[in-house]
Each structure stands twice: as C-alpha cells, then as structure tokens.
Amino acid sequence: MAASPSSMSGGGGEAAAVRTVVWFRRDLRVEDNPALAAAARTAGEVVPAYVWAPEEDGPYYPGRVSRWWLSQSLKHLDASLRRLGASRLVTRRSTDTVAALLDLVRSTGATHLFFNHLYDPLSLVRDHRVKELLAGEGITVQSFNSDLLYEPWEVLDDDCCPFTMFTPFWEKCLCMADPAAPLLPPKRIHSGDLSRCPSDDLIFEDESERGSNALLARAWSPGWQNADKAFAAFLNGPLMDYSVNSKKADSANTSLLSPYLHFGELSVRKVFHQVRMKQLTWSNESNLDGEEGCSLFLRSIGLREYSRYLTFNHPCSHEKPLLAHLRFFPWVVNEVYFKVWRQGRTGYPLVDAGMRELWATGWLHDRIRVVVSSFFVKVLQLPWRWGMKYFWDTLLDADLESDALGWQYISGSLPDGRELDRIDNPQFEGYKFDPYGEYVRRWLPELARLPTEWIHHPWDAPESVLQAAGIELGSNYPLPIVELDEAKSRLQEALSEMWELEAASRAEMENGMEEGLGDSSDVPLIAFPQELQQMEVDREMVRGTIHIPTPAGRRRADQMVPSMTTSLVRAETELSVDFGSSEVSRAEVPSQGHFQPQMEIREVVNGGTAATNNGVHHQQYNLQNNLNRVRGGVAPSTSEASSSWTGREGGVVPVWSPPVASGHSDPYAADEADISSRSYLDRHPESHRLMNWNQLSQSS
DNA sequence: CGTCTTTTGTA
DNA sequence: ACAAAAGAC
C-alpha cells in the first residue's frame, strides 16, 4: 500500500524538477487543504489550477446563485494564493476536464498532479479517468481527503459492510478515532515561471444575471477567510442556543455555513474539532442546552457526511429511490402544480412563503426546506427529482449529494426516511415554526394584514376578517390548490397502486427471467420538464395580469416573486410606499443575528429569465452494472411485508447503468442504485484501489 | 393521580 | 414501526 513510487515518472533528476499542479475543485481554501499542503511539501513548484467545465455536469449545470458564489470564491482563492507567493490561480475553460488537465500538465511541464477527493458519481468517474490518463503519461497523480471527516470506505459496520441507515452510521463515526487535526496553510508557494501557461477568462454570469447577482453580494461574502469568520460568529453566537432555536424558521439561528462547506471553503474537520471543543467546555459548565446544540449541529455535519457516503456507495442516489418499491409510485406529472409550487401560490402560506424566499434569495431554512419538499412530494405528489432539480437550480448552497439525500429522505425512499403516507400539515407546521406569522408576512405581503390567528389558514378566516385584511381568496391569494383530505386519499390510492405494480413486476420477473435483459417492466425516470431545464420564469402567469409600474432601476431579470392580481398589486404598492425608501428591494438573504418582520417589496417579473442553463447534454456513463447481488441479513426486516420490496430500475436522464433484471425476494431490490446492492466500491475496485492507494500519501 | 389513547418526532 | 410525550379519562 505504500505511496506507490512505481507510478512515479521521470525519476532520477534533481529535486528542483518537481512541479505539481494542484487541481482545485470544491476545496477552495488554502488552509487544511491536503493536496495543496502536500504539493508545498515537495519543495518544488506549485501550479494551482481550476478547470471550469460545467457542461460536463449535464442537467446539473450549476444555477445562477451557485455560479455567482463560485466566481467570488475563486477570486478570493486567487488572492490568497498570490499572497502566499504563487503567481496566480491558473484557470481553464473547457468542455473536457481531462483534456484540459492534460494540456495544463504538458504546458507547465509538471510532473505531479494533486487534488482532493469528490464523491459524486460524475466526479468519481472523471477523476478515475484523470488518474489513468495522466499516470499513463508518466505523471504522479495523488489525491487526498479534504471534504470529509472520514472517507466513505473507512466507515463500515461490524460485518465490514457499508451502513444503510444514518443513525448507526453516525454513531460509528463518533466513536472512531478523531479525524486528523486541520493543516495550516503552506508558508510559501513558488509557482516558477508560468509565462507560457495561459489562463482563460472564466465567465460565470451573463448580462441578464448581473443585476441579481449584485444583490447577493450584500448579504454573502464567499471565500475561505469569510467562511472562517462566519464560522467563528456561529461558534460564539447561535451555536449555544442551536438546540433551542432549531424549531424556528428564522435563519438567524442557523449557521449559514452550507455554501462555504459545499465549495470546501471551510474544512469540516476544523468545524468538527472546534465544535467538539465548545461542547467540552459547555459540558464542564453543565450547559446542557449548549452541549446538545453541539451534538445537533455536528449531526447535521454528519448528514452532509452521510450524503457523500450514500452517493459513493449508490451512485444513482440522485435519480433513483434507494428503496426499490418507490420506483413504482405513480407520481403526478403535472407541470401546472409544479409551476404553482415554484411560484409560491399553493394557497398554503408557510409553503408559499418558503418558495418565495427561495426564489428571491437562494436561501431557505432547513425546516422550511422540509416543509416545501414534503408538500411537493406528498400533497402535490410530483416526482421528487423535479423538486431536487429546482433546488439545484436555485439554492445558494446547492449540493447534489445533500439534496439527493434530503429529497430521498422526504419522499420515503430511504430505509430510515420518513414514511411516505404521513402528510405533514403546513398549517400546523406554521404554528410550530412560525407561531407569530412573521415569516409568512415577510414573504407574503398579500397576507401581511391578516391577524396571526388566521395567518396559517386563511381559508378558515371569516369573510369580515379577510376583507379587513384586503384579501380575496382565489383572487389575490389562492385557495389551497389541493385540499389535504383529498391529498390523503389520493396518496393512499397511489400507494396501493404502487404496491400492485410492484407485485406485478415481481411476478413478471419470476416468470420471465430467462427472457433476458429486456426487462419490459422497467420504470423509466420521469424526465425534467423542458421548462425546468431552462429555468424560465413563467411569463404568461404574469403577463395575464396587471403589471406593476416598476420603479426605474429596479427592473431586472431576477428571481423575483411573481404576483398575480390587481389587489395584490395594490397591497404591494402601498407597502412599497412605506418601505421603499429604505432599500429593502434587495433580494433578501438572511443575515446573521437579527430578524425583522418587515415587508418586502415585490415586483412583477417582466419576462425575466432567471438563468439560462444551457448545459442540457445528457451524458451517458458506462458504469458497468453487475447482476444484482443480495446482501443477506442487512435489511432491517426480511419478514413478509418487506419481502415484497423488490424492484427494478430504469433510466432516461443521465443513465448510470443499463436496466437490469432484479433479484428475487430481497427486502431491497438488488440493483445499481438500490441500497442493498453491492456498494459502488465493490463493483469498482479500481476506483477503490486508486483512492486507497492515495489515501496513504495524505497521512504522511 | 395513574393508566390508556392519541399525537408527534424520527435522517 | 416505534418510542416518547402529551392528552384524555
């Protein structure tokens, strides 16, 4: 297992010949960055590089706010690297990362390529290709862990199998040896002569996005040093009351660290160690709430950890339910529902407030994410992947692994997820998370004058109250798009249908096994709506109504909330008189430490396009798929009920594996994406070996 | 006031 | 499905 000197190239010569390309991805920091630290330790020259090839991500081309963050963070990183003595961050625009790296290595005469691990399926495949190709060129390629407390293959149960449930996974993590202490930034970096190594200008926004992006900068400061500050602020502030406050929709109580963590501007290992220290302190002071807050916060770090763990072991987790029977759920493919949800016009105030906040700011409190996604899946019964894709397109902290985990959890597709058949009632959730209605009033100005008593169920309010509040249900605020009772019965029907389909397919499977791999009963993925692929703001909805006279200078293509009717317009204009002078027209993002129940000025989108995501190339990846293997005894119960959980898979959008006939009566279907299938690692020993092999260099 | 029932939270 | 908590009796 030694650090494989055999793969070294060019051998012999003077030490000065060592030149290492450090390939940055989602590890945009100089502190506790193992790849960078290792490169600096070679005492040779270090060429920091970034390759921007978003087309490779297919439908998961980053959304506007995410690209904005990235652009800022790269600037910050470049400045940090220069301060350390590097000449610059070398940037490349490409549609083929591997080719771009090869070119980079050749044009710099580098002998080494270092980078930190990623665990999403695209990266696993691409990084493997990078290693093969560059090693073939005689380049020493090493990769490191910068993103996780523990590598996915390090956390195994007593039988050395990957965990399939979060709780045992996290318990195991917590009793493993502490992760390595964070590394300091390198003292100095020399890049040598880079005059023959051009950089490309990276363009992360188009004209139409500039205005909206400018607003983001008022609330957020990307970059690893700012991550550090935000983390310190959280440690010394909201963390203490984290457990007490975690039930409120108010973002001021949250860490707001997720975008930093997504781009690796903040090291989870550092977070872990510092929170642990706080916890120890509070524990000694018998500060039970504080101590519990630490556990709770670390648990959410654990969920992030687990999301990588899952995608590593089940590379299809962003498109296929991990519980196979869910693949037979008859999702309602209704783009009108989808649109209404996105626009925050479902008639359920808490849901609508959340969706408008997301739209306007790219941010959503975790609780509210659960509310809106649960509503999406259970009340509207839309395919969860649509919701996940919308989150991907709009969230500032969009993260494929975390979002896949979240949506699978909500849609009942995980062994330890929520039950699908229990509908969360947004009204009661409103009482819980937003007891004074402040959150709703802030994001739904049309309901601003409704007394708290009715704010979460305006449909029950007496006519006189509504009138006094200037609300006409069905006109300036919608009636519930689906009644909860109706949703419940529809959900029951859908579930019965799911079980029938599942049973039928299983029967068919048992009969027609020999007929080969045709697998006619395969359930295809539901494609994303075209509209979502372009992230277009719905225009008709807005055009059909009255336009708000838009104050000069505030008209912009933005993710602004579409309004619907005249009376709403009236309410808005009135409000804007009150607040118009105080610059509240910004796309508001939660800022740490205060919460003002304040009206937002809203404007109608005049055909604005939020983002022009054009990277819709559907890539096909040829991950070989073995025949299903059953892992006996791991499933929670192999009893009669669960014996019906057998399914198959299908694929339309990026296909990871060809459809495959499924196993027999296993608790979980045994196929590529399924939770009981053999892990990705088992099926791709090469990747495993490569990773393990390099793991060593990190610990040196 | 104890026991049974309902609701809630759960990654 | 299940345990804990809250509510009903």
Side-chain angles (χ1 to χ4, degrees), chain A residues 148-150 152 155 157 162-174 242-249 254-255 258 261 268 292-293 295-314 317-318 321-323 325-326 350 364-378 384 387-388 391 397 399-433 435 456 484 488 492 495 499 634-645 667-668 675-676:
Chain A
L148 294 175
L149 300 174
Y150 305 103
V155 188
D157 65 17
F163 289 95
T164 55
M165 288 193 277
F166 173 69
T167 308
F169 164 82
W170 187 233
E171 277 166 7
K172 172 76 181 190
C173 288
L174 286 176
Y242 193 73
S243 67
V244 182
N245 288 331
S246 65
K247 294 203 168 63
K248 293 290 144 56
T254 68
S255 75
S258 50
L261 286 167
V268 278
E292 196 196 330
S295 297
L296 216 60
F297 179 68
L298 285 178
R299 211 171 133 275
S300 66
I301 296 291
L303 282 167
R304 176 185 176 281
E305 196 92 351
Y306 189 58
S307 72
R308 271 85 179 136
Y309 187 81
L310 271 190
T311 38
F312 179 77
N313 286 304
H314 309 280
S317 62
H318 61 300
L322 264 53
L323 287 180
H325 59 282
L326 254 295
L350 190 63
L364 213 47
H365 188 289
D366 184 53
R367 292 278 166 180
I368 306 299
R369 296 185 196 205
V370 172
V371 170
V372 299
S373 55
S374 168
F375 185 86
F376 183 93
V377 166
K378 299 180 186 196
W384 61 268
M388 190 186 80
F391 271 22
D397 60 1
D399 181 289
L400 202 51
E401 295 95 308
S402 292
D403 292 341
L405 175 66
W407 282 89
Q408 292 229 18
Y409 165 67
I410 290 301
S411 64
S413 310
L414 293 173
D416 51 351
R418 293 195 159 192
E419 286 300 329
L420 183 53
D421 56 6
R422 209 151 90 195
I423 291 190
D424 300 299
N425 187 329
Q427 179 185 342
F428 299 140
E429 288 178 314
Y431 299 158
K432 261 186 299 186
F433 305 144
H456 292 300
L484 286 186
K488 267 176 207 162
Q492 287 311 323
L495 285 167
W499 289 116
V634 174
S637 93
T638 328
S639 65
E640 31 79 38
S642 52
S643 67
S644 52
W645 298 357
Y668 304 107
I675 195 120
S676 72

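Residue numbering restarts at 1 for every chain, and letters A, B, ... go by the order of the sequence lines. Side chains included, hydrogens not; waters and symmetry mates left out as well; all remaining heavy atoms used.
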| Between A/Lys432 and B/dG9, does any side-chain N or O lie under 4.0 Å from OP1 or OP2? | yes
| field | Sidechain N-carboxylate O distance under 4.0 Å for A/Arg304, A/Asp399 | value | no
| field | Whole-Å distance separating the CZ atom of A/Arg418 from the C1' atom of B/dT8 | value | 10 Å
| field | Stacking of A/Tyr409 on B/dA11 base (centres under 5.5 Å, planes under 30°) | value | yes
| task | In whole angstrom, give the distance that lies between atom CD of A/Gln408 and atom P of B/dT10. | result | 20 Å
| task | Name the nucleic acid region contacted by A/Arg304, choosing base, sugar-phosphate or nothing; use a 4.0 angstrom heavy-atom cut-off, strictly under. | result | nothing
| request: Evaluate the ring planes of A/Trp170 and A/Phe166, with Trp represented by its six-membered ring, and classify them as parallel (under 30°), tilted (30 to 60°) or perpendicular (over 60°). | output: parallel
| query | Rounded to whole angstrom units, what separation is found between the CZ atom of A/Phe297 and the P atom of B/dA11? | reply | 17 Å
| message | Any N or O donor-acceptor pair under 3.5 Å from the base of B/dT7 to the side chain of A/Arg422? | response | no
| Plane angle bin for A/Phe391 and A/Trp407 - parallel if under 30°, tilted between 30 and 60°, otherwise perpendicular | perpendicular
| message | Using whole Å, what does the distance between atom P of nucleotide C/dC2 and atom CG of A/Asp416 come to? | response | 15 Å
| Spacing between A/Arg369 atom CZ and B/dA11 atom P, to the nearest angstrom | 18 Å
| Distance in angstrom units between A/Glu171 CD and B/dA11 C1', rounded | 12 Å
| said: Nearest whole Å is fine: how far is B/dG9 P from A/Phe428 CZ? | reply: 12 Å
| field | From A/Leu350 atom CG to A/Arg367 atom CZ, the distance as rounded to the nearest 0.5 Å | value | 12.0 Å
| query | How many Å lie between CZ on A/Arg299 and P on B/dG9, as a whole number? | reply | 14 Å
